[in-house]
J.: 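Please see the structure below; I have some questions.
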Amino acid sequence: MSERIHNLSPGPAVLPLEVLEIVRENILNFSGSGLGVMELSHRGKEFRRIIDEANLTLRKLLNISDDYAVIYMTGGATNQFSAVPMNLLSEKTCGNYILSGVWAQKAIEEAKRLGRLHLAGSSKEQQYKCLPKDISLSNDAGYLHFTSNNTACGTQYLSEPECPANVPLVCDASSDLLCRPLDVKKYGIIYAGAQKNIGTSGVTLVIIRKDLLERIPENLPLLLDYRSYTNFESMVNTPPCLPIYILCETLKWVERSGGTAEMFKRNQEKATLLYDAIDSSEFYQGHAEPECRSLMNVTFGLHDTSLESKFL
């Protein structure tokens, strides 16, 4: 496929060629069914097999226990910026947020519309070149929300921020889910728009600890209530069937390739090549502080900033 180009976009991002070739075959005739994958009934046995296989593969990759539900929503991370406070906050609790970049700021702006908010930590004054070092939660924290990988500024959490056991940890993992092993037991909710790292746009993966479903208030909009998806196995309405299928094939590719441990190894090797080149150069300069650098998004500028527009 010599016509394909190098694509460094952070999202919608590159899919493995092997996955694209499998999808291409099934666009016309899925697994000998006589129907293309986009034509399958979401209530038919063929699509049921796809969504079950996606669930099983994800649970194996991340060792997800039965204490957690896996659901598929739409609207990307942006929709979760609303769903999280709507489902987890009450009049007595406050949403706690870590401000570490552009997408964390967007999550905060949306949460302000829906309940009380406390800024638990921020690196805005440092131009998001690092991750917030001092985290302080409110006494009435309903949850602690953080963005694990900050695409625009190139910082990433490679371990979770400190959080009391009684406060659910909520993570926007859109741009780094499956890039490394992850201890799901530390989290209340993990959500990810698929298009940055685990599939294509149109589906949002949500992993939620089941006991949190008991906290959800009544009378939420149907498609923003997590219980709608857990009760109807993500089929409260017609789900995004093709993106879920591509997600499934991507998960299977990760498994065939050695799982999250192998992904972590590859990401470390690729990032090291780039950062070594930047650090040894008198022309380029990195943006993020070395101890906070992302394995997923390598950000840089030029030592002579007057040349940046010409360079671009």
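Numbering of residues begins at 1 and proceeds along the displayed sequence.
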J.: Taking the side chain as C-beta and beyond, is there a heavy-atom pair between Arg256 and Glu18 under 4.5 Å?
T.: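 A side-chain contact exists here, since the closest heavy-atom pair is under 4.5 Å.
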J.: Report the C-alpha distance between Val254 and Thr57 in whole Å, list the side-chain angles of each, state the deciding distance to 0.1 Å, and finish with yes or no for side-chain contact (heavy atoms from CB on, under 4.5 Å).
T.: CA-CA 9 Å; Val254 172; Thr57 308; over 6 Å; no
J.: Kindly give the heavy-atom pair with the smallest separation between Gln156 and Cys179, and that separation in Å.
T.: NE2-SG, 3.5 Å
J.: Where the side chain of Arg180 meets the backbone of Phe264, is there a donor-acceptor pair that is under 3.5 Å apart?
T.: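 Checked: no pair found.
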J.: What I'd like to find out is whether the side chain of Pro239 reaches to under 4.5 Å of the side chain of Tyr72, using heavy atoms alone.
T.: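 Heavy-atom side-chain distance check fails, nothing below 4.5 Å.
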J.: List the steps and the verdict of side-chain hydrogen bond (donor to acceptor under 3.5 Å, both in side chains) for Asn297 and Thr151.
T.: CA-CA 6 Å; Asn297 303 98; Thr151 53; 5.3 Å; no
J.: Look only at the side chain of Lys60 and the backbone of Gly259, and say whether a donor-acceptor pair between them is shorter than 3.5 Å.
T.: no
J.: So, does Glu308 use its side chain to make a donor-acceptor pair with the main chain of Leu302 at under 3.5 Å?
T.: yes
J.: Salt bridge or not between Asp172 and Lys106? Use side-chain N to carboxylate O under 4.0 Å.
T.: no
J.: Please report the closest heavy-atom contact between Ala288 and Cys153, naming both atoms and the distance.
T.: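 That would be CB-O, 3.9 Å.
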J.: So how far is it from Thr272 OG1 to Leu295 CG, rounded to the nearest 0.5 Å?
T.: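 If we round to the nearest 0.5 Å, Thr272:OG1 and Leu295:CG are 8.0 Å apart.
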J.: Answer yes or no: is there a donor N or O on one side and an acceptor on the other, between the side chain of Asn29 and the main chain of Gly36, under 3.5 Å?
T.: no
J.: Rounded to the nearest 0.5 Å, how far apart are OG of Ser82 and CZ of Arg113?
T.: 8.0 Å
J.: Please determine whether salt bridge (Lys or Arg N to Asp or Glu O under 4.0 Å) holds for the pair Arg227 and Glu218, giving the CA-CA distance in whole Å, both sets of side-chain angles, and the decisive distance to 0.1 Å.
T.: CA-CA 10 Å; Arg227 294 170 301 189; Glu218 297 300 324; 3.1 Å; yes
J.: Is the shortest side-chain N to carboxylate O distance from Lys252 to Glu249 below 4.0 Å?
T.: yes
J.: Is there a path of hydrophobic side-chain contacts, each under 4.5 Å between heavy atoms of I, L, V, M, F, W or Y residues, that connects Leu58 with Leu56?
T.: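 Different clusters.
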J.: Going only through I, L, V, M, F, W and Y residues with side-chain contacts under 4.5 Å, is there a path from Phe30 to Leu28?
T.: no
J.: Is there a donor-acceptor pair closer than 3.5 Å between any side-chain N or O of Tyr187 and the backbone N or O of Glu160?
T.: no
J.: Relative to the ring of Phe81, is the ring of Trp103 parallel (under 30°), tilted (30 to 60°) or perpendicular (over 60°)?
T.: tilted
J.: Could you walk me through whether Asn149 and Asn197 satisfy the side-chain contact (heavy atoms from CB on, under 4.5 Å) test, starting with their C-alpha distance in whole Å, then the side-chain angles of each, then the deciding distance to 0.1 Å, before giving a yes or no?
T.: CA-CA 11 Å; Asn149 184 68; Asn197 205 44; over 6 Å; no
J.: Does the side chain of Leu177 come within less than 4.5 Å of Leu182's, by heavy atoms?
T.: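 The answer is yes; the side chains approach within 4.5 Å.
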J.: Is Val70 linked to Phe47 within one hydrophobic cluster, defined over Ile, Leu, Val, Met, Phe, Trp and Tyr using a side-chain heavy-atom separation of less than 4.5 Å?
T.: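 Yes, it is one cluster - the side chains of Val70 and Phe47 are joined through contacts under 4.5 Å.
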J.: Ignoring hydrogens and angles, tell me if any N or O in the side chain of Ser280 forms a donor-acceptor pair with the backbone of Asp276 under 3.5 Å.
T.: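 A pair under 3.5 Å: yes.
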J.: Taking Ser174 for its side chain and Gly193 for its backbone only, find out whether a donor-acceptor pair lies under 3.5 Å.
T.: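 Looks like yes, one N/O pair under 3.5 Å.
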J.: Heavy-atom count check: over 12 atoms from other residues, nucleotides or ligands less than 6.0 Å from Asp183 CG?
T.: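 Counting neighbours around CG of Asp183, more than 12 heavy atoms of other residues, nucleotides or ligands fall under 6.0 Å, so yes.
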J.: Indicate the atoms forming the closest heavy-atom contact of Ala173 with Ser148, along with that distance.
T.: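 Nearest pair, atom of Ala173 first, then Ser148: CA-OG, 3.3 Å.
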J.: Can you tell if the side chain of Tyr128 reaches within under 4.5 Å of the side chain of Thr299, non-hydrogen atoms only?
T.: no
J.: How many angstroms lie between atom CD1 of Ile64 and atom CG of Asn55, to the nearest 0.5 angstrom?
T.: 9.0 Å
J.: Between atom OH of Tyr245 and atom CE of Met38, what is the distance when rounded to the nearest 0.5 Å?
T.: 11.0 Å
J.: Less than 4.5 Å apart, any side-chain heavy atom of Phe283 and any of Asp304?
T.: no
J.: Are Ser175 and Met296 side-chain neighbours, meaning at least one heavy-atom pair lies under 4.5 Å?
T.: no
J.: Flag yes if Leu61 and Val19 sit in one hydrophobic cluster, no otherwise; membership is Ile, Leu, Val, Met, Phe, Trp, Tyr, and two members link when side-chain heavy atoms are under 4.5 Å apart.
T.: yes
J.: Given 3.5 Å as the limit, does a donor-acceptor pair link the side chain of His145 with the main chain of Ile108, or not?
T.: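 Checking the backbone N and O of Ile108 against the side chain of His145, no donor-acceptor pair under 3.5 Å is found.
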J.: Got more than 12 heavy atoms from elsewhere within 6.0 Å of CD, Glu269?
T.: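 More than 12 within 6.0 Å, yes.
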J.: Given Tyr143, which partner from the list Val170, Asn96, Leu137, Thr93 fulfils the side-chain contact (heavy atoms from CB on, under 4.5 Å) test?
T.: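 That would be Val170; it is the only one of Val170, Asn96, Leu137, Thr93 passing the side-chain contact (heavy atoms from CB on, under 4.5 Å) with Tyr143.
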J.: Can Leu213 and Thr230 be said to form a side-chain contact (heavy atoms from CB on, under 4.5 Å), step by step?
T.: CA-CA 9 Å; Leu213 300 172; Thr230 58; 3.9 Å; yes
J.: Under the 3.5 angstrom rule, does the side chain of Tyr275 hit a backbone N or O of Arg293 as a donor-acceptor pair?
T.: no
J.: What are the two closest heavy atoms between Leu114 and Pro85, and how far apart are they?
T.: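 For Leu114 versus Pro85, the nearest heavy atoms are CD1-CG, 3.7 Å.
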J.: For Ile5, is the CD1 atom crowded, meaning more than 12 foreign heavy atoms sit under 6.0 Å from it?
T.: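 No, because the 6.0 Å sphere around CD1 of Ile5 holds 12 heavy atoms or fewer from other groups.
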J.: For His42 and Asn237, work out which heavy atoms get closest and say how close.
T.: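 In this case the closest contact between His42 and Asn237 is CD2-O, 4.3 Å.
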J.: Look at the side-chain heavy atoms of Ile, Leu, Val, Met, Phe, Trp and Tyr, link any pair under 4.5 Å apart, and say whether Leu223 and Val206 land in one connected group.
T.: yes
J.: Got Ser257 and Met263 here, is their nearest side-chain heavy-atom distance under 4.5 Å?
T.: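 When only atoms from C-beta onward are counted, Met263 and Ser257 do touch, with a gap below 4.5 Å.
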J.: Give the C-alpha distance, both sets of side-chain angles, the deciding distance and a yes or no for side-chain contact (heavy atoms from CB on, under 4.5 Å) between Asn79 and Leu224.
T.: CA-CA 8 Å; Asn79 201 38; Leu224 284 167; 3.5 Å; yes
J.: Taking atom NZ as the centre, does Lys124 end up with more than 12 heavy-atom neighbours from other residues, nucleotides or ligands that are less than 6.0 angstrom away?
T.: no
J.: Which pair of heavy atoms, one from Ile278 and one from Gly286, lies closest together, and at what distance?
T.: CG2-N, 3.4 Å
J.: In terms of relative ring orientation, are Phe300 and Tyr284 parallel, tilted or perpendicular, with 30° and 60° separating the classes?
T.: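 Answer is perpendicular, since the angle exceeds 60°.
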J.: What's the separation between atom CG in Leu274 and atom CG in Asp279, rounded to the nearest 0.5 Å?
T.: 10.5 Å
J.: Between atom CZ of Arg48 and atom CD of Glu53, what is the distance when rounded to the nearest 0.5 Å?
T.: 12.5 Å
J.: Without swapping roles, check the side chain of Thr155 against the backbone of Cys292 for a donor-acceptor pair under 3.5 Å.
T.: no
J.: Do Tyr226 and Ile189 have side-chain heavy atoms sitting under 4.5 Å apart?
T.: yes
